[in-house]
Amino acid sequence: MNIALTGATGFLGLRLLRCLLERHTSLTLFTHGASGDALDRIRRFFEVTGAPERLTAALPTRLRVVPTDLSRPRMGLAPARYGELADDLDAVFHSAGSINLEGDLASLRRVNVEGTRAVLELAAAGSRRPVIYHVSTAFVAGARREGVVYEDELDDTHGFENAYERSKYEAETLVHAWSRTHRRPVVVLRPSILVTDMPPHPALPRHPLQVMDQLVWDALRATGLADARGVPSDPPLARLVGRRYGHLNLMPVEDAARTMVRLADREPSGRVDTYHVVHEHDVPVTAITELMERLAPLRTRLVEKRPDDVSALEASMDFYPGITPYLSHLRRYDDTRVRTALGAPRSVTRVDVDYLLSGLRPTRPAAPPEAAPGEARH
C-alpha cells in the first residue's frame with residue numbers, strides 16, 4: 001500500500017510514523033518545510049528513543065518527503081506533481097494540526113479545518129480511492145462536563161471550552177460531509193489528552209502537559225513569586241475552580257499510535273467510522289493539582305466557584321483556557337467500538353503523577369523553565 005502521513009514531525013505523528021514503518025516498507029510524508037529538515041528531525045527522534053541503528057539508517061530510502069503547504073491551493077504543489085501524488089495513494093493519515101488551546105478561532109480554522117479540507121481534496125482528485133484516517137480529538141464533545149460521550153456523537157449543543165475544540169469539531173463535520181458527498185470511507189480517530197513519560201529533549205516536540213508546566217511558572221513569574229534565582233520559601237495558595245471527584249482521560253501517546261495503526265488494519269465500513277482512542281482508566285483531577293504542586297512551589301485547593309477575592313496568582317492561572325475548565329470534568333468516553341474491533345487492551349500503561357512528572361521533568365529543577373511559545377503540534 002502507498003500510505004501518506006501528515007504531521008510526521010509532531011508529538012503524535014512521530015509515533016505514528018514509527019508504527020507505520022513496522023507494517024509498511026515505505027511512506028510518503030507531507031511536511032511543512034524543507035524535506036532535509038524533516039528527515040533530520042525524524043532521525044533525531046529515532047536516535048533519542050532508542051530505535052535500532054539499521055532502522056534509523058534506512059530512513060532516507062524508506063521515506064519520501066514532500067514539502068507542502070496545506071493552506072495553499074493544491075497544497076502548494078505544481079499541478080503535475082499534485083496529480084501524480086493523488087493517483088498514487090491508497091491511504092492518508094492526517095495527523096497535522098494545531099493544539100494551541102489559547103489560539104484564536106480564525107488561526108485554528110486555517111490549520112485544523114482548511115488543512116483537513118486540503119487533504120480531502122487530494123484524496124478526491126486522483127484515480128484511486130484512498131482511505132482517510134483523520135486524527136481528531138475526544139474533546140469535540142465540547143463543554144459537556146458530565147455523562148458518557150459515545151463514539152457516534154458529534155454535535156455542538158453544549159458549546160466548547162475553547163476555540164481549539166470548536167476547530168476540531170468543524171473539521172470532523174467537514175469529514176462527514178465529504179464522506180457523504182463522495183460516498184467514501186473515512187476513519188476518525190479521537191484520542192484523549194496525549195501524554196508521555198519520556199523526559200523533555202531538544203530533539204523531541206513539546207506535548208500538551210508541557211504547556212501546563214509553563215503556565216504555572218509563567219503565573220509565578222508574572223506575579224513576582226518566582227524568578228530565575230529561585231522560588232519562595234512559603235508556597236503561595238492557588239484556589240482553582242474544579243471538582244474534587246472530577247477526572248480526565250490521559251492516553252500515553254505511544255499506546256495511542258499503536259491503537260490507531262491497528263485500527264487501520266481493519267476494513268472500513270464505507271462510511272465514517274469513529275473510534276475513541278482512550279485509556280482504560282481516568283486520572284483524578286486531584287492528581288493534576290498534585291502534579292502542579294510537584295512542578296512548582298505552589299499549593300492548590302479545588303473550590304466550587306471562583307472566589308470573590310481572586311489573588312493575582314489565581315487570576316494569572318485562570319487566564320489560560322487549556323487547563324482550568326477541565327478541572328470540572330466528570331464525563332467519560334465510551335470506546336465500545338475500539339474494544340469490539342481490537343479486544344481488551346493487551347497491556348495498560350499506568351498513568352499517575354509519577355508517570356506524568358517523568359514526561360515533564362525527571363527531577364525538580366533549581367530554577368523555573370525558560371519561557372517557550374504556547375503552541376504545540378500533534
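Just so you know, these numbers come straight off a predicted model, no measurement behind them.
- The side-chain tip of R331 points at the ring of F139 from less than 6.0 angstrom away and within 45° of straight on.
- Distance alone, capped at 3.5 Å, places no donor-acceptor pair between the S316 side chain and the A312 backbone.
- Side-chain contact check for T137 and E165: no donor-acceptor pair (N or O, by modelled atom type) lies under 3.5 Å.
- Contact between S167 and V113 at its shortest, heavy atoms only, is O-CG2, 3.4 Å.
- V277 and A256 make their closest contact through CG1-CA, 3.8 Å (heavy atoms, listed as atom of the first residue, atom of the second, distance).
- Side-chain atoms of T116 and H94 form a donor-acceptor pair, as typed in the model, at a separation below 3.5 Å.
- One N or O on the side chain of R361 and one on the backbone of L295 form a donor-acceptor pair closer than 3.5 Å.
- Side chain of N112 to backbone of S98: a donor-acceptor contact under 3.5 angstrom is found.
- Counting heavy-atom neighbours within 6.0 Å of R18 CZ, excluding the residue itself, gives a total above 12.
- Around the CZ atom of R271, the shell of radius 6.0 Å holds no more than 12 heavy atoms that belong to other residues, nucleotides or ligands.
- Using a 4.0 Å cut-off between a side-chain N of Lys or Arg and a carboxylate O of Asp or Glu, R239 and D309 qualify as a salt bridge.
- Remark: the backbone N or O of P130 is paired with a side-chain donor or acceptor of R184 at under 3.5 angstrom.
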